[in-house]
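The next block holds one structure in the form of structure tokens; read it before the comments.
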Amino acid sequence: AFICGILCVIIHGVIGRSWAMLFASGGFQVKLYDIEQQQIRNALENIRKEMKLLEQAGSLKGSLSVEEQLSLISGCPNIQEAVEGAMHIQECVPEDLELKKKIFAQLDSIIDDRVILSSSTSCLMPSKLFAGLVHVKQCIVAHPVNPPYYIPLVELVPHPETAPTTVDRTHALMKKIGQCPMRVQKEVAGFVLNRLQYAIISEAWRLVEEGIVSPSDLDLVMSEGLGMRYAFIGPLETMHLNAEGMLSYCDRYSEGIKHVLQTFGPIPEFSRATAEKVNQDMCMKVPDDPEHLAARRQWRDECLMRLAKLKSQVQPQ
Ligand code: NAI
């Protein structure tokens, strides 16, 4: 009774595994396909372990039990069988345009007119990915944010020929699995999230390079300052609240903002010398060996899990 439809996740990997868990949490049957059989076996095993841990922490998503969710996910060694009867196919192969195009061409020749073909790509343009496909109207980018189980945003980016119903259906599906979809109206390099992220990285790098702030103090400005509010309200709402509404904010502050913006430098070179300086500072807190990095990522994910809980209490959907 809890099977709402069939989804196919191509292919397992870090992102594929998260999608599988999210779709199962929404009650959807999921078929995992990967070019490497071992990857499918690993994925199923990892998903089982991760779901158990989430259950113990009280953070398992959806209303189904671990066993019910696990029973919805299966591996499939054959791509044709995997997509049979699917309503949504989520591609998650490595970020390589030619590889992705090859897979979409293969899928294009075996799918019907109803299924949605969705790519997890972080930065490949829909117009390049889906060029020349017969089923282009059914194609879309649904870009998640790592780690997708804890960070709900999904950027939906259409190809110029993507049908509006494809966007609407994908939007509805993402909401159904508890994610937070947003629409990028027209494709642009970096989509929206990475454009914002790169603007921040760019100024952070310049400030460190010019000796204005140390790398670890720069990070504090985010984690103890801007990030605190950005977990709840965006930069535009911040403007709206920091004066008597947006118009009054612009009247009061726009000249000052423009004045500061004029002092911004060019695109950083990301020189080896600055990278080493930043790395030295980062390594004092988190040494860059696999164990320390993994432990810190786990801590980050736990923090995000708690933040997600807090957000669900203060912002009921
Ligand atoms: P990954 O390298 O962890 O996993 C890729 C999987 O694809 C592997 O299991 C591999 O065996 C499989 N694969 C390779 N060639 C294949 C083929 N021809 N047919 C079937 N399976 C094949 O990659 P990851 O990090 O999961 O990324 C996947 C996609 O998600 C990329 O497009 C990436 O840009 C996007 N993405 C990644 C994020 C991240 O932080 N890792 C965040 C958001 C999106």
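When a ligand or atom number is given, it counts from 1 through the structure's own listing order. Note that the numbering runs from 1 along the sequence shown for the chain.
- Proximity to V14 (heavy-atom distance under 4.0 Å) selects the following atoms of ligand 1: 3 (O), 26 (O).
- Summarising the geometry of Q69 relative to S25, their closest heavy-atom pair is OE1-CA, 3.4 Å, with the distance given to 0.1 Å.
- The side chain of I103, and not its backbone, has at least one atom closer than 4.0 Å to an atom of ligand 1 (non-hydrogen atoms only; side chain from C-beta on).
- A heavy-atom separation below 4.0 Å is found between K100 and ligand 1.
- In this comparison of P94, C92, P148, the heavy atom closest to atom 2 (O) of ligand 1 sits on P94.
- For the residue pair V286 and L293, the shortest heavy atom distance occurs at CG1-CD2, 4.0 Å.
- Taking distance alone, with nitrogen or oxygen atoms compared against 3.5 Å, S122 approaches ligand 1 more closely than that limit.
- Atom 29 (C) of ligand 1 has its nearest heavy-atom neighbour, among T121, L129, V93, in V93.
- Using a 4.5 Å heavy-atom cutoff, the side chains of K100 and S119 are in contact.
- Ligand-side atoms of ligand 1 in range of Q39: 8 (C), 9 (O), 11 (O), range being under 4.0 angstrom from any heavy atom.
- In this pair, F23 and F28 present their aromatic rings perpendicular. The plane angle is above 60°, beyond the 30 to 60° band.
- At a 4.0 Å heavy-atom cut-off, ligand 1 does not touch L124 at all.
- For ligand 1, the atoms lying closer than 4.0 Å to a non-hydrogen atom of L99 are 15 (N), 18 (N).
- The closest donor-acceptor contact from the side chain of H143 to the backbone of S120 lies at 3.5 Å or more, if one exists at all.
- Using a 4.5 Å cut-off on side-chain heavy atoms (C-beta onward), R183 and D168 make contact.
- With a 4.0 Å heavy-atom cut-off, ligand 1 is reached by the side chain of H143 but not by its N, CA, C or O.
- Atom CG of L156 is separated from atom CZ of R169 by 13.0 Å, given to the nearest 0.5 angstrom.
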